Enquirer: 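Before I ask anything, here is the structure I am working with.
A quick note: this is a predicted structure, and the numbers were derived from the prediction, not measured.
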Amino acid sequence: MGLDVVQLTRDIVSINSVSQRSNKEVSDLLEDTLKGCEFEVERLEYVDDNGERKVSLVGKKGEGADGFGLFSHSDTVPGLEGEWDPFDPVIQDGRLFGRGSCDMKGPLAATIAAGAKINAADLKKPLFIVVTADEEISGGGARQVAEESEFFKAERPKHGVIAEPTRLTPVYAHKGGGRVFVTAKGRAAHTSTDKGISANFLIAPFLAEMAELAKLFKTDESFMNKEFNPPTNGFNMVLDDGGCRPNVAAAKTTCTLSFRPMPNDRSDDVIAMITEIAEKYGLETSSNKGTPFYVSPDAEIVQAGLKATGTTKPGTVPFGTDAHAFKNHLQLVILGPGDIVQAHTVGEWIDIAQLSEAVGVYGQMIEMFCM
């Protein structure tokens, strides 16, 4: 059956599925759409820390092993309603405007439209369409699918596409995410008593050394990876003293340092250096690191993406995707319509011609791996 990719994009953009809310409504629509396109649909749910119900979907068409998957997410960043009407999709000058049109409800719609054209009887290997929750804030939906999907346990795909916006350039690597949390604890007191110990003063010498590290990470090539643009790790720092008033000594201040790990960089050294300096000043530390994504540019899935798009060379991107949850289970490439520059912006849009082109690209890749 045929499916209008533009209309489907408009339909799902019009549903507010900001990550801080439940995505049940948009998932209900997507589940009905997939079933109408002859997909079996598995529904996975959890309740997040704020009590919101989150839904991920795994659609499957065809039977057998070593299939092919198209992966997207249905949540979006906040709509910023005070500055535009993000959930009223508008078409103008060949562009479709609305929150999530680029990241990534447009690409999601293209995966479903491509799958809708395929007759199950023509498939020699199964086709999967996966739609996850909470990619923008936690990746919880992708992890749940990877760990709990009964469809995947029975017939996990061998190759797949993460349909994030790459302007239809196959992407073989992206950065991860790392954070170090450093906490100073003082003693709160009104400044008139002079009995307080400000956590801000306690952490200040550490902050000065972080400013020097920031310079190092931007100039020392051993902390870089020239395959990326920019090649640096995006080292950043934010502070939280609980909104302490000027006439009170801060009881606790937390410094959060973030960076973007890259393949073959010195991410572990970054964490170790920050931790060593923090401990020198008697500060508490904890850290986590989400590993980057990398597949060989010569991998079968990357070469298939190049062939389907007519592109001569794959690329890299500095942002993260759900690939972190699936990369150990199947061979992946990042490939989707739209430009990440438009994502998360007021007036977010996707080029309609490229959106339609993506349906054909995904269709070719389904033929390569499933037919």
Enquirer: Is it true that a side-chain atom of R260 and a backbone atom of F319 form a donor plus acceptor pair closer than 3.5 Å?
Expert: no
Enquirer: Under 6.0 Å from the CG atom of N247, do we count more than 12 heavy atoms belonging to anything else shown?
Expert: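 Enclosed.
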Enquirer: Kindly determine whether I366 and L70 satisfy side chain to side chain contact (heavy atoms under 4.5 Å, CB included), including the steps that lead there.
Expert: CA-CA 9 Å; I366 293 170; L70 293 164; 4.2 Å; yes
Enquirer: Side chains of S27 and V131: closer than 4.5 Å at any heavy-atom pair?
Expert: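 The answer is no; the side chains never approach within 4.5 Å.
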Enquirer: Working to the nearest 0.5 Å, report the span between CG of N233 and NZ of K175.
Expert: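 If we round to the nearest 0.5 Å, N233:CG and K175:NZ are 7.5 Å apart.
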Enquirer: Classify the ring geometry between F97 and W349 as parallel (under 30°), tilted (30 to 60°) or perpendicular (over 60°).
Expert: tilted
Enquirer: Would you check if the side chain of T232 reaches a backbone N or O of K218 as a donor-acceptor pair within less than 3.5 Å?
Expert: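 Flag not set: sc T232 to bb K218 has no pair under 3.5 Å.
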Enquirer: Hey, does the side chain of Q331 reach the backbone of E300 with a donor-acceptor pair shorter than 3.5 angstrom?
Expert: yes
Enquirer: Taking side-chain contact (heavy atoms from CB on, under 4.5 Å) as the test, write out the residues that go with L239, two or more places apart.
Expert: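 For L239 the side-chain contact (heavy atoms from CB on, under 4.5 Å) partners, ignoring immediate neighbours, are L207, C255.
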Enquirer: Determine whether a donor-acceptor pair (N or O, by modelled atom type, separation under 3.5 Å) exists between the side chain of S19 and the backbone of I137.
Expert: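 The answer is no, because no donor-acceptor pair under 3.5 Å joins these two groups.
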Enquirer: Using side-chain heavy atoms (C-beta onward) and a distance below 4.5 Å, is L30 in contact with V55?
Expert: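 L30 vs V55: side chains apart.
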Enquirer: Tell me, do I301 and M365 make a side-chain contact under 4.5 Å, heavy atoms counted?
Expert: yes
Enquirer: Would you mind checking if D28 and R43 are paired as a salt bridge, meaning a charged N to carboxylate O distance below 4.0 Å?
Expert: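 Answer for the salt bridge query: yes.
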Enquirer: Would you mind checking if E276 and K280 are paired as a salt bridge, meaning a charged N to carboxylate O distance below 4.0 Å?
Expert: no
Enquirer: How close do A184 and L283 get, counting heavy atoms only, and between which atoms?
Expert: CB-CD2, 3.6 Å
Enquirer: More than 12 foreign heavy atoms under 6.0 Å from CD of E52: is that the case here?
Expert: yes
Enquirer: Please indicate whether K313 has more than 12 foreign heavy atoms, meaning atoms of other residues, nucleotides or ligands, lying under 6.0 Å from its NZ.
Expert: no
Enquirer: Is it true that a side-chain atom of E135 and a backbone atom of T76 form a donor plus acceptor pair closer than 3.5 Å?
Expert: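 No: the side chain of E135 does not pair with the backbone of T76.
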Enquirer: So, do E42 and K60 sit near enough that their side-chain heavy atoms are less than 4.5 Å apart?
Expert: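 SC-SC contact between E42 and K60 ruled out.
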Enquirer: Please identify which of these residues, I162, D322, L108, meets the side-chain contact (heavy atoms from CB on, under 4.5 Å) condition with F71.
Expert: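 Going through the options one by one, the only one that passes is I162.
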Enquirer: Tell me if the NZ atom of K61 is crowded by more than 12 foreign heavy atoms within 6.0 Å.
Expert: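 Yes.
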Enquirer: Whether the side chain of D265 engages the backbone of M262 through a donor-acceptor N/O pair (distance < 3.5 Å, no angle test) should be reported.
Expert: yes
Enquirer: Please indicate whether R179 has more than 12 foreign heavy atoms, meaning atoms of other residues, nucleotides or ligands, lying under 6.0 Å from its CZ.
Expert: no
Enquirer: Side chains of P86 and E81, heavy atoms from C-beta outward: is any pair under 4.5 Å?
Expert: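 Yes, close enough: below the 4.5 Å cut-off.
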Enquirer: Determine whether the aromatic ring centres of F68 and F128 lie less than 6.0 Å apart.
Expert: no
Enquirer: Is it true that a side-chain atom of S14 and a backbone atom of D11 form a donor plus acceptor pair closer than 3.5 Å?
Expert: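 The answer is yes, because a donor-acceptor pair under 3.5 Å joins these two groups.
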Enquirer: Treating T183 as the side-chain partner and E284 as the backbone partner, does any N or O pair qualify as donor plus acceptor under 3.5 Å?
Expert: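 Judged by distance alone, no pair lies under 3.5 Å.
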Enquirer: Do F235 and F217 have ring centroids that are under 6.0 Å from one another?
Expert: yes
Enquirer: If we ignore angles and hydrogens, is there a donor and acceptor under 3.5 Å between the side chains of D240 and T254?
Expert: no
Enquirer: Would the distance check show the side chain of R143 and the main-chain N or O of S138 forming a donor-acceptor pair, the cut-off being under 3.5 Å?
Expert: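 Confirmed, R143 side chain pairs with S138 backbone.
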Enquirer: Donor-acceptor pair, E348 side chain versus C102 backbone, under 3.5 Å?
Expert: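 Yes, the answer is positive, given that a donor and an acceptor are paired below the 3.5 Å cut-off.
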Enquirer: Is any side-chain heavy atom of L80 closer than 4.5 Å to a side-chain heavy atom of R99?
Expert: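 In contact.
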Enquirer: Within the 4.5 Å heavy-atom criterion, are H174 and E164 side-chain neighbours or not?
Expert: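 Not in contact.
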Enquirer: When you check the side-chain N and O atoms of Y294 and N225, is any donor under 3.5 Å from an acceptor?
Expert: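 There is no such pair (donor and acceptor under 3.5 Å, judged by atom type) between the side chains of Y294 and N225.
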Enquirer: D48 and K54: salt bridge (charged side-chain N to carboxylate O under 4.0 Å, His left out), yes or no, with the steps?
Expert: CA-CA 7 Å; D48 69 13; K54 299 303 176 70; 2.9 Å; yes
Enquirer: Taking side chain as C-beta onward, heavy atoms only, is T169 less than 4.5 Å from T309?
Expert: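 A side-chain contact under 4.5 Å is absent here.
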Enquirer: Rounded at 0.5 Å granularity, tell me how far CG in N200 sits from SG in C244.
Expert: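 The CG atom of N200 sits 7.0 Å away from the SG atom of C244.
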Enquirer: Assess the residue pair K289 and D268 against the criterion (side chain to side chain contact (heavy atoms under 4.5 Å, CB included)); give the C-alpha distance rounded to whole Å, side-chain angles, the decisive distance to 0.1 Å, and a yes or no.
Expert: CA-CA 9 Å; K289 186 179 77 168; D268 291 338; 2.8 Å; yes
Enquirer: Search all heavy atoms of E136 against all heavy atoms of H73 and return the closest pair with its distance.
Expert: OE2-CE1, 3.4 Å
Enquirer: For the pair K24 and E45, find out whether any cationic side-chain nitrogen is under 4.0 Å from an anionic carboxylate oxygen.
Expert: no
Enquirer: Give, for atom CG of D194 and atom OG1 of T191, the distance between the pair rounded to the nearest 0.5 Å.
Expert: 8.5 Å
